[in-house]
Amino acid sequence: MAAMGAAGAAGSIAPKIPRLVRSLPPSSRPHPPPGFLKRLPFAGNCRHCSGDDRRGVGGAGVVPTAAATAAAAASMVYERELAVAKKAASLAARLCKSVQKSILHSDVQSKSDKSPVTVADYGSQAVVSFVLEKELSTSSFSLVAEEESGDLRKDGAQETLNRITELVNDTLSADGTYKVSLTADDILAAIDRGKSEGGPSGQHWVLDPIDGTKGFLRGDQYAIALALLDGGQVVLGVLGCPNLPLAALHDHKHSPQSPVGCLFSAKLGAGTHMELLDGSSPTKVQVSAVEDPADASFFESFEAAHSSHDLSSSIAKRLGVQAPPVRIDSQAKYGALARGDGAIYLRFPHKGYREKIWDHAAGSIVVTEAGGVVADAAGKPLDFSKGKYLDLDTGIVSTSQKLMPALLSAVQASLRETSESVGRL
Ligand code: AMP
Ligand code: MG
């Protein structure tokens, strides 16, 4: 696939704020929210801000109209991209839901068969790739995605490819927006548009077509995770979580009839919203306001092979957390954290595992725009500009700004204790 050129499509969207700013009379020129410009690739372009303002410590003399105008300007950037991302993730979620339903209704023998998840994985990627390319008429398009079509092109894969093609066409025609009938070759091409490597310049879409495949097969949580990088930074993200209830997880336990299937969406400077995948008005969400870790609960992977449960148990004990861990699959954890179902996210893969950007890009902006912080175990922000992989120290943690210092101290202490006990062996 054509990787995006160095300047990439960033040029098509990034200058919108400065242009808008210039069109305003000087008295009402906006002052961006603290830290906002600094996080945008064109930060240096705003001639209306002093260095202090860019560091987010200014603000004196800002009139409310200016702040409101800045917020309005911020809300217009990436607006179209966000709407398209939501559409793509919702359609992919519809496809995945139909496959998961058929797995759960099938007999025991076919439940141990991994091929349904393969079909849904490729199908989801093809749907997202198709919608992004169809809706965003950029001359260059870059997608970094988990799947590639190599196996589907091998002898003996024709039947699987036909099933995927049928599934994608059924999903698109049920929606009715696109009057198309894709061929198997179209599907292969759509999947292979996800071969980009990402990087620090230009725009790159980042996709995990089914995050949490183990949860998908079990009938539990999984997510369709889609984000946009611009200049190496995540500027928007959506998480389609077909099995996550709209109500908080602990409330849903008591009223299991409440609706299920959430779509989280976040855009730099515009907050995080949640709505039903089947359609409802979006509501703004915020991370937990809990101030005492003893009152917090924490999320971790369901699969002990993906994250050390012993280490998180040690960290939780150190913090005085009383509640048992909430173990769920996929980036649905980030969604649940963003709306305050729990207050802490812990992820400590076993030695040698390298995190991929598609496992955290959408989730991280969903949490940070809801007021949270996402960092590695050393407290460093995640760096999505290095290609497909995240280079990080030991693990990933996330919580509210208030709880982060205490969490990082506990993480460091537990890591020290673990390495000392390994050293003694
Ligand atoms: P979770 O649902 O939180 O357990 O995370 C799911 C993600 O973990 C998958 O999308 C995989 O990319 C990733 N994964 C796969 N193998 C491992 C591993 N050995 N350690 C950590 N993460 C893994
Ligand atoms: Mg994944």
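Starting from 1, each residue takes its place in the sequence as its number. Atoms within a ligand are numbered from 1 in the order they appear, just like the ligands themselves. Keep in mind it's a predicted model, so treat the numbers as computed, not measured.
- Ring to ring, Tyr334 and Phe264 are not that close: their centroids are 6.0 angstrom or more apart.
- For the pair Ile187 and Val168, the minimum side-chain heavy-atom distance is below 4.5 Å.
- In terms of N/O distances under 3.5 Å, ligand 1 is approached by Asp211.
- Taking every heavy atom of Ser301 and a limit of under 4.0 angstrom, the matching atoms of ligand 1 come to 1 (P), 3 (O), 4 (O).
- In this model, no donor atom of one side chain and acceptor atom of the other lie less than 3.5 Å apart for Tyr345 and Gln331.
- Close contacts of ligand 1 with Lys333, meaning ligand atoms under 4.0 Å from a residue heavy atom, involve 1 (P), 2 (O), 3 (O).
- The shortest distance between side-chain heavy atoms of Leu207 and Glu146 does not fall below 4.5 Å.
- For atom 4 (O) of ligand 1, the nearest non-hydrogen atom from the set His306, His350, Glu146 comes from His306.
- The name of the N, O or S atom in Asp208 nearest to the Mg ion (ligand 2) is OD2.
- Each of the following atoms of ligand 1 lies closer than 4.0 Å to a heavy atom of Asp329: 2 (O).
- For Asp208, every heavy-atom contact with ligand 1 shorter than 4.0 Å involves the side chain, none the backbone.
- A donor and an acceptor atom, one from each side chain of Gln125 and Asp121, are nowhere located under 3.5 Å apart.
- In this structure, atom 2 (O) of ligand 1 lies nearest to the protein heavy atom Ser330 N, 2.5 Å.
- Nearest non-hydrogen protein atom to atom 19 (N) of ligand 1 is Ala305 O, 3.6 Å.
- Side chains of Ser307 and Glu300: no donor on one and acceptor on the other come within 3.5 Å.
- Judged by distance alone, the side chains of Thr177 and Asp175 do bring a donor and an acceptor atom under 3.5 Å apart.
- Selection from Arg354, Lys356, Arg347 by nearest heavy atom to atom 5 (O) of ligand 1 gives Arg347.
- A salt bridge links Glu135 with Arg80: at least one charged nitrogen is closer than 4.0 Å to a carboxylate oxygen.
- The protein atom (non-hydrogen) at minimum distance from atom 13 (C) of ligand 1 is Tyr353 OH, 3.2 Å.
- With a 4.5 Å cut-off on side-chain heavy atoms, Ile315 and Phe298 do not count as touching.
- Contacts of Ser307 with ligand 1, taken as heavy-atom pairs under 4.0 Å, are absent altogether.
- Between the side chain of Ser330 and the backbone N or O of Gly212, no donor-acceptor pair lies under 3.5 Å.
- Closest protein heavy atom to atom 11 (C) of ligand 1: Asp359 OD2, 3.7 Å.
- Within Asp359, the N, O or S atom lying nearest to the Mg ion (ligand 2) carries the name OD1.
- Taking the Mg ion (ligand 2) as reference, the nearest N/O/S atom within Asp211 carries the name OD1.
- Where the criterion is an N or O separation shorter than 3.5 Å, residue side chain and backbone included, Glu303 fails it with respect to ligand 1.
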